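Worksheet: one structure, shown below.
Because the structure is predicted, anything quoted here is derived from the model rather than measured. The basis for the numbers below is simple: all heavy atoms, side chains too, and nothing from hydrogens, waters or symmetry mates.
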Amino acid sequence: MRARAAQTGRMTEDETAKLRARIADRLASLETEESTAQAGREHVTLDQTSVGRLSRMDALQRQAMAQATARRRAAEIARLTDAARRLADAPGEFGWCEECGEPVGMRRLEADPTLRLCIECMRGA
């Protein structure tokens, strides 16, 4: 079965299960990060009597960095959730390039299961 799957470009059940587990693990990790990162995005007090100007600037910078990280994390969660949905809805179509219809490649999907394009289409070839 594995040789046939490799010839047709279709993923085996083991490969599909591996991708599902990878997506679930990464989503769980991101949700854990999100729950522990809440404190960094809290409102920064601008009272000069409680902290100095440089301390406030540092706090504002940390807050901005935490907010940017949260936005990147939310975007990754959305991409992973979409990949999980696509894999559940149409497992036979998952892993095929949306531009040319060729296989994306299992090694690439293991590295990033959210990929929708093969390497040639990503390069613009």
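In terms of heavy-atom proximity, Cys97 sits nearest to Cys121 at SG-SG, 3.6 Å. Heavy-atom minimum distance, Arg22 versus Pro113: CG-CG, 4.2 Å. Closest approach of Arg20 and Ala88 over heavy atoms only: NH2-CA, 4.4 Å. Among all heavy-atom pairs drawn from Ile23 and Leu80, the shortest one is CG2-O, 3.6 Å.
Judged as a salt bridge (Lys or Arg N to Asp or Glu O under 4.0 Å), and not counting sequence neighbours, the contacts of Glu110 are Lys18. Every salt bridge (Lys or Arg N to Asp or Glu O under 4.0 Å) that Asp82 has, sequence neighbours left out, goes to Arg85, Arg86, Arg116. Partners of Arg79 by salt bridge (Lys or Arg N to Asp or Glu O under 4.0 Å), not counting sequence neighbours: none found. Contacts of Gln61 classified as side-chain contact (heavy atoms from CB on, under 4.5 Å), with partners at least two apart in sequence or in another chain: Asp58, Met65. Here Asp112 pairs with Thr114 under the side chain to side chain donor-acceptor pair (under 3.5 Å) rule; sequence neighbours left out.
Put simply, the side chain of Thr81 gets close to the backbone of Ile77: a donor and an acceptor are under 3.5 Å apart. Formation of a donor-acceptor pair under 3.5 Å by the Arg73 side chain with backbone atoms of Glu31 is not found in this model.
We find that Glu33 and Arg26 are joined by a salt bridge, their nearest charged nitrogen and carboxylate oxygen being less than 4.0 Å apart.
No more than 12 heavy atoms of other residues, nucleotides or ligands sit less than 6.0 Å from atom CD of Glu93.
With rounding to the nearest 0.5 angstrom, the CD atom of Gln67 is 9.5 Å from the CG atom of Leu60.
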What donor-acceptor contacts under 3.5 angstrom involve side-chain atoms of residues 101-109, with partners at least two apart or in another chain?
residue, atom, partner, partner atom, Å
Arg108, NH1, Leu117, O, 3.1

